[in-house]
Amino acid sequence: MRKIILAFLTCFAFGMDKNEIKFYEQILASLKTEQIPPFIAQLAKENLPHRVDEMVTLQSLSYKGLDIEANFALNDTENRKISRYSANEIRSLKKEFYENGKAALCATAISHAVLNRGITLKGRYALDGRHFFDIKMDKRSCE
């Protein structure tokens, strides 16, 4: 699950090797801040929907100003029946996703290149159309 939040920032990098990721880091560095969200959304569009893991699918990615917004579909797995979660279990799942995403985002150069420019990453998580929770990451998330 470490990839869950990271996926909507780097979903355009699916299947890329380290040299290709380095190439995109250079492109991001050359773009004006306001050009980054539409650039990422355009690249991601071709790879969506994308199954992140057995529990999560990245359905769509869009942007509004300096916010990159992702919609994730959750599903029950053999070991985790999310549809039966109580409010406390949903809060715990949100915390788990946030902490895993934070660890993954704060460890990558691409994320730092984006977050340090004032771009906010937002994720909306739903199961069968039922909103479960939102996660927001910004520059302060990695401080």
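Quick note: residue numbers are just sequence positions, from 1.
- A centroid separation of less than 6.0 Å is found between the aromatic rings of F133 and F97.
- Here the straight-line distance linking atom CG of L127 with atom CG of L93 works out to 10.5 Å at 0.5 Å rounding.
- Atom CD1 of I27 is separated from atom CZ of F39 by 4.5 Å, given to the nearest 0.5 angstrom.
- The list of disulfide (SG to SG under 2.5 Å) pairs with a residue in residues 63-95, not counting sequence neighbours, is empty.
- What you find for L115 and M137 is that their closest heavy atoms are CD2-O, 4.0 Å.
- A distance of 9.0 Å separates CD1 in I36 from CD in E34, rounded to the nearest 0.5 Å.
- Between the R51 side chain and the E54 main chain, a donor and an acceptor come within less than 3.5 Å of each other.
- Closest approach of G65 and P37 over heavy atoms only: O-CG, 3.5 Å.
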>> Set out, in order, the CA-CA distance, both residues' side-chain angles and the distance that settles side chain to side chain contact (heavy atoms under 4.5 Å, CB included) for H131 and R124, then state yes or no.
In response: CA-CA 8 Å; H131 178 258; R124 295 186 56 80; 3.2 Å; yes

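- One side chain, N71 or S60, offers a donor N or O that lies under 3.5 Å from an acceptor on the other.
- Contacts classified as disulfide (SG to SG under 2.5 Å) and involving residues 111-143 (residues at least two apart or in different chains) are given here: C106-C142.
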> What's the verdict on side chain to side chain contact (heavy atoms under 4.5 Å, CB included) for D67 and I119, showing C-alpha distance, side-chain angles and the deciding distance?
Replying inline: CA-CA 6 Å; D67 295 337; I119 294 169; over 6 Å; no

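- Every side chain to side chain donor-acceptor pair (under 3.5 Å) that D76 has, sequence neighbours left out, goes to S83.
- The shortest side-chain heavy-atom distance between S92 and Y85 does not fall under the 4.5 Å cut-off.
- Partners of Y63 by side chain to side chain donor-acceptor pair (under 3.5 Å), not counting sequence neighbours: none found.
- For E46, the CD atom counts as loosely surrounded, since its 6.0 Å shell holds 12 or fewer non-hydrogen atoms of other residues, nucleotides or ligands.
- Between I82 and N75, the shortest heavy-atom distance links the atoms CD1-O, 3.7 Å.
- Residues passing the side chain to side chain contact (heavy atoms under 4.5 Å, CB included) test with P49, sequence neighbours excluded: T57, Q59.
- A donor-acceptor distance shorter than 3.5 angstrom exists from the side chain of E89 to the backbone of S86, with no hydrogens or angles considered.
- D53 places a side-chain N or O within 3.5 Å of a backbone atom of M55 that can act as its donor or acceptor partner.
- For A44 against L61, the heavy-atom pair with the smallest separation is CB-CD2, 3.8 Å.
- In this structure, the side chains of K122 and D134 stay at 4.5 Å or more apart for every pair of heavy atoms.
- Of all the heavy atoms in F72 and G123, the pair that sits closest is CE1-CA, 4.1 Å.
- Every residue two or more places apart in sequence or in another chain that forms a side chain to side chain contact (heavy atoms under 4.5 Å, CB included) with K95 is listed here: E99.
- N116 contributes atom CG, which lies 10.5 Å from atom CG of D138 (distance to the nearest 0.5 angstrom).
- For K32, the NZ atom counts as loosely surrounded, since its 6.0 Å shell holds 12 or fewer non-hydrogen atoms of other residues, nucleotides or ligands.
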